[in-house]
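What you see below is based on every heavy atom in this structure, not just the backbone, and it leaves out hydrogens, waters and symmetry mates.
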There are 2 protein chains.
Amino acid sequence: MKNRLRVLRAENRWSQADLAEKLGVSRQAVNAIETGKHDPSLTLAFALAETFGQSIEEIFCPKEQNN
Amino acid sequence: MKNRLRVLRAENRWSQADLAEKLGVSRQAVNAIETGKHDPSLTLAFALAETFGQSIEEIFCPKEQNN
DNA sequence: TTAATATGTAATGTTAGCCTTACATTATGT
DNA sequence: ACATAATGTAAGGCTAACATTACATATTAA
């Protein structure tokens, strides 16, 4: 699933490790989500939404959107 | 995580099996989510949101909300 | 350039979210 | 009352989403 994490993280000037710490997950988990290897759990998606002050729908895009 | 699935399903007069079929998951998966045994995957949460025409945030409540 | 930081990824393990099958119980309708 | 539909749950299996540790490769800063 596509997401805007890299951009949101850049806007806040947070490293993957910074974000991981805020979320209480491993840096590898953040990396895997950002690079599209995993989808986050719903709980983690909520945590990301709260961290960035945006809705889950604003951060994640479930549709295959062929570009 | 708390959710409003039972109510939303009742409003639409759908059985768990009906909803499961619309979502493309098993009836047991719907039951487990409804009864709080599992959280849905983010993908399934998006599908539920679309099915009920509501946002994920309107359907699910991640906070422990004591009562 | 060198050192520090950031990112990507691999290996291995655990758990949670799905599956199927099956059965018990509860609710609904005739 | 009886048959059907709906719900709850259990067992057993599979995979994805986490974890930890470790290492390689950027990237940044002094």
Is there any protein nitrogen or oxygen under 3.5 Å from a nitrogen or oxygen in nucleotides 20-26 of chain D, and what are the pairs?
unit_1	atom_1	unit_2	atom_2	d
dT21(D)	O4	Q28(A)	NE2	2.8
dA22(D)	N6	Q28(A)	NE2	2.8

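- Legend: residues meeting side chain to side chain contact (heavy atoms under 4.5 Å, CB included) with Q54(B), ordered by chain and number and at least two apart, are R4(B), L8(B), E58(B), I59(B).
- Residue N12(A) holds its CG atom at 9.5 Å from OG1 of T51(A), rounded to the nearest 0.5 Å.
- Summarising the geometry, the separation between CG on L23(B) and P on dC19(C) is reported as 10 Å, rounded to the nearest angstrom.
- One finds a side-chain N or O of K37(B) lying less than 4.0 angstrom from the OP1 or OP2 phosphate oxygen of dT9(D).
- Counting only Watson-Crick and G-U wobble pairs whose two distances sit under 3.5 Å, DNA chain D takes part in these stems of three or more pairs: C:1-30 with D:1-30.
- Residues from residues 42-57 of chain A with heavy atoms under 4.0 angstrom of DNA chain D, sorted by number: L44(A).
- Put simply, CZ on F60(B) and CE on M1(B) are 7.5 Å apart, with the number rounded to the nearest 0.5 Å.
- Per the geometry, CG belonging to N3(A) stands 13 Å off P belonging to dA17(D), to the nearest Å.
- Residues from residues 10-18 of chain A lying near DNA chain D, meaning a heavy-atom separation below 4.0 Å, are absent.
- In this structure, the NE2 atom of H38(A) is 12 Å from the C1' atom of dA10(C), given to the nearest Å.
- Summarising the geometry, atom NZ belonging to K22(B) is positioned 8.0 Å from atom CG belonging to L19(B); distances are rounded to the nearest 0.5 Å.
- Using modelled atom types, one side-chain atom of D18(B) and one backbone atom of S15(B) make a donor-acceptor pair closer than 3.5 Å.
- Distances shorter than 4.0 Å separate none of the side-chain N or O atoms of T35(A) from OP1 or OP2 on dG8(C).
- If you measure from atom CD1 of I33(A) to atom C1' of dA16(D), you get 12 Å, rounded to the nearest angstrom.
- With rounding to the nearest 0.5 angstrom, the CG atom of L44(B) is 10.5 Å from the CG atom of D39(B).
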Would you check, one step at a time, whether the test side-chain contact (heavy atoms from CB on, under 4.5 Å) holds for F52(A) with E11(A)?
CA-CA 10 Å; F52(A) 288 117; E11(A) 286 175 359; over 6 Å; no
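- Closest approach of L42(A) to A45(B), counting heavy atoms only: CD1-CB, 3.9 Å.
- One finds no side-chain N or O of N31(B) lying less than 4.0 angstrom from the OP1 or OP2 phosphate oxygen of dT7(D).
- For N3(B) (side chain) and I33(B) (main-chain N/O), a donor-acceptor pair under 3.5 Å exists by modelled atom type.
- When the side-chain nitrogen and oxygen atoms of R6(B) are compared with OP1 and OP2 of dA6(D), none of them lie within a distance under 4.0 Å.
- By the neighbour-count criterion of 12 heavy atoms within 6.0 Å, atom CD of E34(A) is densely surrounded, having more than that number from other residues, nucleotides or ligands.
- Under the side chain to side chain contact (heavy atoms under 4.5 Å, CB included) criterion, E57(B) pairs with F46(A), S55(A), I56(A), E57(A), S55(B), not counting sequence neighbours.
- Distance, R9(B) CZ to dG8(D) C1': 12 Å, rounded to whole Å.
- Formation of a donor-acceptor pair under 3.5 Å by the R27(A) side chain with backbone atoms of A20(A) is not found in this model.
- Between S41(A) and dC18(D) there is a side-chain polar atom (N or O) within less than 4.0 angstrom of OP1 or OP2.
- Atom CD in E34(B) sits roughly 14 Å away from atom C1' in dT9(D) (whole-Å rounding).
- For the pair K63(A)/E50(B), a side-chain contact is recorded, criterion being any heavy-atom separation below 4.5 Å from C-beta on.
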Given R6(A) and Q16(A), is the side-chain contact (heavy atoms from CB on, under 4.5 Å) satisfied, shown in steps?
CA-CA 9 Å; R6(A) 188 168 298 261; Q16(A) 292 180 348; 4.1 Å; yes
